[in-house]
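As structure tokens, the structure follows; a few thoughts come after it.
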Amino acid sequence: MATLVATTVAGWLGGAGIGAGFAFGAVTWATVYAQIGTSILFAAISRQLAKRGGAAGESQIELDQPASVIVKRHAYGRSRIEGTPAAVIVRDGVAYCVWILNSRPSDSIETVEFDNRALTLTGDLYDFATGATATDTTFAGHVTLWAGLGDQTTIPDLILSEVGDPLATDDADFWDTDAWRGRTVLWARIVKGKASSAGQRWQRMPPALRVTGKWTPVWDPRDPAQDADDPSTWAWSDNQALCLIDALRHNPVAQLPVHLLHLPSLLRQADVADQAVPLKAGGTEPRYRVGGRIVYSPSVELYQALSPLDVAGGGGLVQIGGMIGYQPGEYLAPSATIDDVLREAPLSFTALQRGRDLPRAIRAIYPNPGAAWEDASLIPIEVPGGGGWTGGDDRVEDFALELVPYPRQANRLAQIRARQLGCQRRIGGVLFPEHLDLVAGANVTLTRPRETDPRAGVYQITAIAPGHWLSASDGVPFRLPFEAREIAASVYAWNPETDEQDVPEETVTQPDLALAPPSDLMAMPTVADLLPAIEFDFLPSQTSSVTGYTWEWRLTGADWLAGGVIAADVPLVAGRVRGRLIGAKGGDSHDLRVKASGSARESEWVTVSGIWATASSTVDAGVY
């Protein structure tokens, strides 16, 4: 029967840059009584939430909509997130909008999209005196933007001058104090423009906003230059553990002070997350990164809200006495040996899980930056002992990785999940006081007198209750009821040559809201009722929503004149739309152009030039 040395602290608690003595050091009776309590590994709960989790797009629908009460959201890493309209003022065809992007300060903004169309900007987005303007053909002259990264103290100058109330008495205007201090916001001045093109430019008002950027700076306890209580010393990071520490400390539901965080285990995970993982194509990437946002809805429990951060690290949150730590996402050598349990509570053992409780395969669902951040899935990974997967969706478990916009990391996490499920053995019992410093997440070796005993092996503690004796009727001190599950080094093993899936590169095409123009426009001079005329015809637009065709004409080099409108349902002649200009000027060169129209949208013009009329006459134009 082995005896644990107190300073090992179940092995994995040390070596994180902060000594194990932070929580357990030399175990004295004072620290034992102060820290006593159930130790639970939450990873199984977190993975169950990820199993049930929906697509990331489900919450985007809610966040896109204006709301009287805007839910808090904390964005981490680099990702594309949606903005929630906080205020909109419309005056004389100009809309002044502000969206909440992040309820925290942010590092930087990279791209801005309206209705899934990326804007090309010129100027300084962070300069409230000038802002940045759109230069795209669709938006040029119609959009000016300003971004506040959380350090803003007022609103953009132009908005304040046009729809601002310096006296702060009119609720219909913006006030100088409407700065949304401490939050990341985007302001816009949007000009509607001509009614004929507004439908092409604006799908809705305010537009659906998507912004890609680097979000909340976080505290890294490993950096001595950073102060836990001074956000100005923090830096941006997508390290999964550092973002999790930030979420535990700054969530709006139940913030944990530093002394209730088990920093040795959390910082061990931070080091693991920074490890370089080789890629099949060459090079490396960090082991565990995150990118996305956590939404703190009143209807969602805190642990459920943090689940996407939890599962992104390959390990799991763990309760250690009164503190919250993290069981690292790596295999750890066993730190203790169990060779005996209390006889009054014999060792329980489960060799196999019920077949219907075990999926055949795990399929990772993740936001793919290469596909406009829409949800993508990988090939399901077979669960060892799950009955085999030969294709299809039968007993395939979707593994939602909402904060992992990295396909190869999603690949690794799905494989970890599948191999963990393949480790089916479970044990339970009551340990002797020698194992008082064992905590959930620690790996232990179970030895049995008979070498072929199927119970022998390496297990991970999932729950242990050193304080159980306090409520026991017999008063026997420090009985340690525990539960453990099988674990193996192969769970975290990774060979990019054989394990990494090929992820095809996807090209995203910006949506084109313009109507397809007519084509193959042809024109020729003729005479109608002894008057000079020009007949023209063209192939109809390929857009089904076209309601008609507008055409104009002119003498070459002069101004365009209205010609008329041809209904889209006019009978075709040999598959072509036909029209006639009566009243051309004989002996002069003419130009003629046609565009498709419909639903407040229109196509580009199609033009034919240099048409010479054959006789001299000047009458009104007409069309048949």
Side-chain angles (χ1 to χ4, degrees), residues 64-68 82-101 112-125 127-148 154-176 178-180 185-211 510-515 545 547-548 550 552 559-560 562 565 595-605:
D64 274 348
Q65 306 303 318
S68 57
E82 60 283 352
T84 299
V88 180
I89 296 176
V90 180
R91 300 273 173 82
D92 302 324
V94 179
Y96 303 86
C97 312
V98 60
W99 292 265
I100 303 294
L101 299 173
V112 178
E113 302 171 41
F114 279 170
D115 298 318
N116 294 318
R117 293 171 291 173
L119 276 65
T120 302
L121 301 174
T122 183
D124 189 346
L125 194 63
D127 187 341
F128 280 20
T130 60
T133 57
T135 60
D136 315 81
T137 302
T138 302
F139 298 108
H142 296 85
V143 177
T144 305
L145 301 176
W146 302 263
T154 184
I155 67 176
D157 295 353
L158 184 58
I159 293 180
L160 187 60
S161 65
E162 293 184 350
V163 288
D165 177 14
L167 300 178
T169 58
D170 189 349
D171 289 337
D173 289 337
F174 285 110
W175 297 357
D176 185 49
D178 291 334
W180 283 272
V185 297
L186 187 84
W187 281 276
R189 182 184 185 274
I190 297 174
V191 179
K192 178 182 177 181
K194 294 182 179 180
S196 60
S197 59
Q200 173 184 338
R201 189 175 301 109
W202 311 117
Q203 286 183 294
R204 67 181 191 179
M205 187 57 62
L209 177 69
R210 300 286 188 273
V211 178
Q510 294 289 334
D512 185 4
L513 300 182
L515 302 179
S545 60
T547 58
T550 301
E552 297 179 349
D559 293 334
W560 288 102
V565 177
K595 66 180 178 181
S597 304
S599 302
R601 295 186 292 162
E602 54 191 21
S603 74
E604 299 292 331
W605 289 103

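Values below: every heavy atom of this structure, side chains too, minus hydrogens, waters and symmetry copies. Just so you know, these numbers come straight off a predicted model, no measurement behind them.
Ile155 CD1 to Asp178 CG: the interatomic distance, rounded to the nearest 0.5 Å, is 6.5 Å.
Of the possible donor and acceptor atoms, none in the side chain of Asp127 sits under 3.5 Å from a partner among the backbone N and O of Gly131. With hydrogens and angles disregarded, a donor-acceptor distance shorter than 3.5 Å links the side chain of Arg201 to the backbone of Thr138. Using modelled atom types, one side-chain atom of Trp175 and one backbone atom of Asp170 make a donor-acceptor pair closer than 3.5 Å.
Here the side chains of Glu113 and Val211 are not in contact, with every heavy-atom distance at 4.5 Å or above. A heavy-atom distance below 4.5 Å is found between the side chains of Arg189 and Leu158. Residues Leu119 and Leu145 have side chains in contact (heavy-atom distance under 4.5 Å, counting atoms from C-beta outward). Side-chain contact between Arg210 and Asn116 is present, with at least one heavy-atom pair separated by less than 4.5 Å. Within the 4.5 Å cutoff, no side-chain heavy atoms of Cys97 are placed close to those of Ile89. Under the 4.5 Å side-chain criterion, counting only non-hydrogen atoms from C-beta, Val163 is not in contact with Val94.
Ring geometry for Phe114 versus Trp99: interplanar angle of 30 to 60°, hence tilted. Using bins of under 30°, 30° to 60° and over 60° for the plane-to-plane angle, the ring pair Phe139/Trp202 lands in the tilted bin.
Sorted by first and then second residue, the pairs that involve residues 85-100 and meet salt bridge (Lys or Arg N to Asp or Glu O under 4.0 Å), not counting sequence neighbours, are Arg91-Asp173. Annotation: salt bridge (Lys or Arg N to Asp or Glu O under 4.0 Å) contacts involving residues 136-148, sequence neighbours excluded, are absent.
Every residue two or more places apart in sequence or in another chain was checked for a side chain to side chain donor-acceptor pair (under 3.5 Å) with Thr133, and none qualifies. Evaluation of the ring pair (Phe, Tyr, Trp, His ring centres under 6.0 Å) rule for Tyr96 yields no partner, not counting sequence neighbours. Contacts of Asp157 classified as side chain to side chain donor-acceptor pair (under 3.5 Å), with partners at least two apart in sequence or in another chain: none. Residues passing the side chain to side chain donor-acceptor pair (under 3.5 Å) test with Thr122, sequence neighbours excluded: none.
The two residues Val88 and Pro206 come nearest to each other via the heavy atoms CG2-CG, 4.0 Å. The minimum heavy-atom distance linking Val185 with Ala179 is given by the pair CG2-O, 4.4 Å. Across all their heavy atoms, Phe128 and Ala147 have their closest contact at CE1-O, 3.3 Å.
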(request) Could you please spell out the steps behind the side chain to side chain contact (heavy atoms under 4.5 Å, CB included) verdict for Phe174 and Ile159? (result) CA-CA 8 Å; Phe174 285 110; Ile159 293 180; 3.6 Å; yes
(request) Check step by step if side chain to side chain contact (heavy atoms under 4.5 Å, CB included) holds for Leu209 and Leu186. (result) CA-CA 9 Å; Leu209 177 69; Leu186 187 84; 3.7 Å; yes
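For Lys595 and Glu552, the salt-bridge test fails: no basic side-chain N is under 4.0 Å from an acidic carboxylate O.
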